[in-house]
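Taking it in order: structure first as C-alpha cells, then the write-up.
All values reported here derive from a predicted model rather than from experimental measurement.
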Amino acid sequence: MRGSRKVLNMFAVALLIMWINAVVQEAKGGLSPELRTEIDEANKKGPYLGLVIPNAFELNPLLQSPNYTSTKIIIDFAGRRFRFGAIGDKPVILVMTGLSVINAAISTQLLLSIFDVKGVIHYGIAGNANPSLNIGDVAIPHYWAHLTLWSWQRYGEGPEDKLPLEENGDYTREIGYLKFADYTTNLSQTTTYDNLLNNIWYQPEEIFPIDGIPEERQHAFWVPVDSQYFEISKKLEGLKLEGCINSTTCLSTTPKVVRVERGGSSSIYLDNAAYRSFIYHKFNVSPVDMETASVALICLQQRLPFIAFRALSDLAGGGSAQSNEADTFSSLAATNSVAVLLHFINILT
C-alpha cells in the first residue's frame, strides 16, 4: 500500500468521530425550533444512562419488560430514534444502532453529542469463542478490541520484515498476526506449502480523546470497561437466567453470568471454527460480535464510563450438539442479556 491509506480504513472510529461531530454541529443550526426545544427539555431531565442496543430483537424484550417505564418521549434525529424512559429511579435513553461497527459508532457518538449522558451500557447477543462457556451464558468482558483493522502483508514477506509505514508509527507488529498458510489442509506431512494471502497483522485504532490535542493521535487496541462498573458486575454472578425457550426446548446446561477477560468485535459474522480457535488462543477472546468495540472506543475518547453484557447464542463455527444454533437460541440469549442489564442498573448507586 502507498501513502497514508490504511487497510479497512472505513472502520477507523476516529474519522467517524470527527465526521459525526461536524454533522451534529451543522444539523443543530438547521434544526426546527420545536426539535431544539425537545432536545433541550429532555436534557433538563438528565443526566441519563445511555443504553446502546444492536437490533430490534434485542431492544424489544426491554421495551416489553415491566421493569422499564417509558416516558413516551421519542426524539428522531439523523436516522436514529432515541427513546426516553426509566429503569427503577434511573432515567435512561435507548438507541438502536443496527448491525456493524460503523452503525454502532455513529449511533453512540450521536447519543453522546446530543444528550446529557453520564454512562453507557451496551447489551445484546454474541457468538462464543470460549469452549468453556455455553449457549445462554452472559459474558462480561473486562476489555474489548476491534479485530478487523489490519495491515495485510505482501506475499514473500514475513514476521521479520517491517510493514509499510511502520517507521512512521502508522502500523505495528507488536499485537500479532494471522498466517494463512497455517490453515492449509489436505497436505501430506512431507509437502511444503504456502499461501498467497500471506499474513494479516492486527492494528490498534487511532483515537483522539476529548482531553487530548486535536489531530495528535493516540492508539488503543484493548479498551477496558469502566473499573467501577466492572467491580459492581461481580454482584451479577449467580443471577438466575432463562434456560428454556418453551416446555420442550431447553439448554442442557444452566446459563450463568461470567466475567471474562476479553471480547472482540468486527464487521464479520463469525461462523468459522478455525478462526474462532485462533482468536481464542491468541487473544483469550470469549464473546465475538459486530458492535461492542466501537461503543467502547467512542466512550474511551469521550471519557465516559462504559460496560457491555453479551449473551452467547452459539459457539461460532460449531463444535457441540447445540452449536450453530443462533436461529434457535437468539431470543433466549436476548432475554438473558436484558435480565442482566436490568439487574445491573438496579444495583447501580
Side-chain angles (χ1 to χ4, degrees), residues 49-70 81 83 85-88 90 92-99 104 120-130 133-141 229 232-260 263 265 269-271 286-292 295 307-316 320-348:
L49 288 172
L51 309 186
V52 179
I53 307 149
N55 293 295
F57 69 88
E58 294 150 318
L59 169 66
N60 289 334
L62 178 57
L63 296 178
Q64 297 162 7
S65 171
N67 296 302
Y68 170 73
T69 303
S70 172
R81 172 159 290 178
R83 303 170 184 265
I87 295 174
K90 298 177 180 70
V92 296
I93 305 176
L94 284 58
V95 60
M96 192 190 83
T97 68
L99 193 73
V120 173
I121 306 172
H122 181 56
Y123 77 88
I125 72 168
N128 176 29
N130 185 339
L133 301 181
N134 299 291
I135 293 172
D137 290 350
V138 178
I140 308 176
Y229 282 1
I232 293 171
S233 72
K234 284 183 180 179
K235 300 178 181 179
L236 300 173
E237 295 173 342
L239 182 67
K240 184 176 180 180
L241 300 174
E242 185 60 60
C244 294
I245 297 173
N246 51 45
S247 60
T248 60
T249 306
C250 294
L251 298 170
S252 60
T253 59
T254 301
K256 58 189 179 298
V257 178
V258 185
R259 300 198 316 160
V260 298
S265 304
Y269 185 90
L270 176 54
D271 196 26
S286 292
V288 289
D289 66 31
M290 302 175 72
E291 296 86 20
T292 307
V295 183
I307 196 168
F309 310 125
R310 283 289 187 161
L312 308 178
S313 61
D314 63 291
L315 181 63
S320 74
Q322 289 183 338
S323 60
N324 274 342
E325 297 285 354
D327 288 340
T328 301
F329 292 106
S330 288
S331 61
L332 183 148
T335 297
N336 284 349
S337 68
V338 170
V340 171
L341 167 82
L342 292 169
H343 194 73
F344 178 80
I345 291 177
N346 284 330
I347 62 178
L348 276 179

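Residues Ile87 and Leu51 have side chains in contact (heavy-atom distance under 4.5 Å, counting atoms from C-beta outward). Within the 4.5 Å cutoff, the side chain of Leu312 has heavy atoms near those of the Pro287 side chain. In this structure, the side chains of Leu63 and Leu94 come closer than 4.5 Å at one or more pairs of heavy atoms. Side-chain contact between His343 and Val257 is absent, with no heavy-atom pair separated by less than 4.5 Å. Looking only at side-chain heavy atoms (C-beta outward), Phe329 and Asp314 stay at 4.5 Å or farther from each other.
Closest of all the heavy-atom pairs between Tyr68 and Leu62 is CB-O, 3.4 Å. Counting all heavy atoms, side chain and backbone alike, Glu237 lies closest to Arg259 at OE2-CG, 3.6 Å. A pairwise comparison of heavy atoms in Ser65 and Leu342 identifies OG-CD1, 3.4 Å as the closest pair. Of all heavy-atom pairs spanning Val338 and Glu58, the tightest one is CG2-O, 3.9 Å. Between Leu239 and Ala339, the closest heavy-atom pair is CD2-O, 4.0 Å. Here the closest non-hydrogen pair linking Leu251 and Ile135 is CD1-O, 3.3 Å.
In this structure, the separation between OG1 on Thr335 and CD on Gln64 is 9.0 Å, given to the nearest 0.5 Å. Atom CG of Leu99 and atom OG1 of Thr97 lie 8.0 Å apart (nearest 0.5 Å). Distance check: Cys250 SG to Leu332 CG gives 9.0 Å after rounding to the nearest 0.5 Å. Here the straight-line distance linking atom OG of Ser337 with atom CG of Leu241 works out to 10.0 Å at 0.5 Å rounding. For the atom pair Leu348 CG and Ile232 CD1, the distance stands at 5.0 Å (nearest 0.5 Å). To the nearest 0.5 Å, atoms CD (Glu291) and CD1 (Ile53) are separated by 11.5 Å.
Remark: the backbone N or O of Leu49 is not paired with any side-chain donor or acceptor of Lys90 at under 3.5 angstrom. With hydrogens and angles disregarded, no donor-acceptor distance shorter than 3.5 Å links the side chain of Asn55 to the backbone of Phe57.
Applying side chain to side chain donor-acceptor pair (under 3.5 Å) to Arg310 and the options Asn128, Asn336, Thr292, Asp137 leaves one that passes, Thr292. Among Val258, Ile307, Val260, the one residue that satisfies the side chain to side chain contact (heavy atoms under 4.5 Å, CB included) test with Pro141 is Val260.
Under the rule for a ring pair (Phe, Tyr, Trp, His ring centres under 6.0 Å), the partners of Phe309 that lie at least two apart in sequence or sit in another chain are Phe344.
For Lys240, the NZ atom is loosely surrounded, since the number of other residues' heavy atoms within 6.0 Å does not exceed 12.
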